[in-house]
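Data block below; observations after.
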Amino acid sequence: MDLSLIATGMAIGVGVNAPVGPVNVMCIHRAIRNGPTSAMAAGFGAWVADVIFAAAAAFGVTAISAFVEGHLPVIKVVGGAVMIAFAMKLLYAPSSMSSAPANDTKLSLFHAALTSLVLTATNPAVLLGFFAIFGGLAGIGDDPGYGTAAQLTIGVAIGSAAWWALLSTGASRLRERIAEKWLGRINTISGGALAIFGFIVLIGVALGY
């Protein structure tokens with residue numbers, strides 16, 4: 001096992017997820033409203049998408065890359081619509097922490113994971129980012145070595161998991177320090193941020209970007 005490959009994969013896993021994006025906003029919101037378990041459920045969905053696309057990129061699965069590039073406008077529209085739909089849900093969410101435990105059911109956790117999976121899978125920046133990064137690594141795209149690809153994918157899985165665990169636990173610590181009256185503002189800020197992300201994607205599609 002080459003630890004440098006694992007470390008490289010970990011850096012990629014963190015680097016792809018660290019920039020502020022829709023799943024980061026979703027994760028922070030759920031951490032503050034429902035606690036670390038809810039936030040980690042959202043992070044889990046993103047982690048699954050990360051591992052799938054990292055593996056596809058590392059093992060040189062060009063069919064997936066070709067599908068993404070060939071259907072990029074549709075993927076963007078779906079992603080933008082999902083972001084806006086989730087934004088509306090946040091904007092109209094109850095502004096009371098006392099209602100959070102009742103909402104934090106197994107179905108709610110599954111919904112959080114599924115939503116983050118869809119948000120990540122339809123995020124062009126994440127999709128193309130993995131293929132661009134791995135395409136720039138010597139030998140991965142043209143003549144892949146399966147051992148190298150596997151270790152890089154494992155590294156991405158570790159790095160991505162570490163990022164979502166850190167974000168979930170870190171944001172959840174704010175839960176005890178935030179007054180009840182601030183939850184409504186947090187809903188507005190989170191929903192507004194997601195709506196902006198969604199509209200930017202849709203406007204980009206309309207303008208041909």
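Arg30 and Ser116 share no side-chain donor-acceptor pair at under 3.5 Å. Using modelled atom types, one finds a donor on one side chain and an acceptor on the other under 3.5 Å when comparing Asn24 with Trp163.
Residues Ile154 and Met10 fail the side-chain proximity criterion, which asks for heavy atoms closer than 4.5 Å. Side-chain contact check for Ile200 versus Ile196: some heavy-atom pair is nearer than 4.5 Å. Counting heavy atoms from C-beta outward, Ser108 and Ser38 have side chains that stay 4.5 Å or more apart.
Here the straight-line distance linking atom CG of Leu119 with atom SG of Cys27 works out to 12.0 Å at 0.5 Å rounding. Distance check, rounded to the nearest 0.5 Å: OG1 of Thr115 to CE of Met26 gives 4.5 Å. In this structure, CD1 in Ile28 is found 5.0 Å from CG in Leu167, a value given to the nearest 0.5 Å.
Taking each heavy atom of Ala49 and Thr120 in turn, the nearest pair found is CB-CG2, 3.5 Å. Heavy-atom minimum distance, Thr153 versus Ala54: OG1-O, 4.0 Å. For the residue pair Val156 and Asp50, the shortest heavy atom distance occurs at CG1-O, 4.3 Å. Contact record, Ala161 with Trp47: N-CD1, 3.5 Å, taken as the closest heavy-atom pair. Closest non-hydrogen pair, Asn17 versus Ser160, comes out as ND2-OG, 3.5 Å. Closest non-hydrogen pair, Leu5 versus Leu152, comes out as O-CD2, 3.4 Å.
By the rule that hydrophobic residues join a cluster once side-chain heavy atoms approach within less than 4.5 Å of another member, Trp164 and Ile52 end up as members of one cluster. In this structure, Val23 is a member of the same hydrophobic cluster as Ile32, with clusters built from ILVMFWY side-chain heavy atoms closer than 4.5 Å. Hydrophobic clustering (ILVMFWY, side-chain heavy atoms < 4.5 Å, transitive): Met40 and Leu109 are in distinct clusters.
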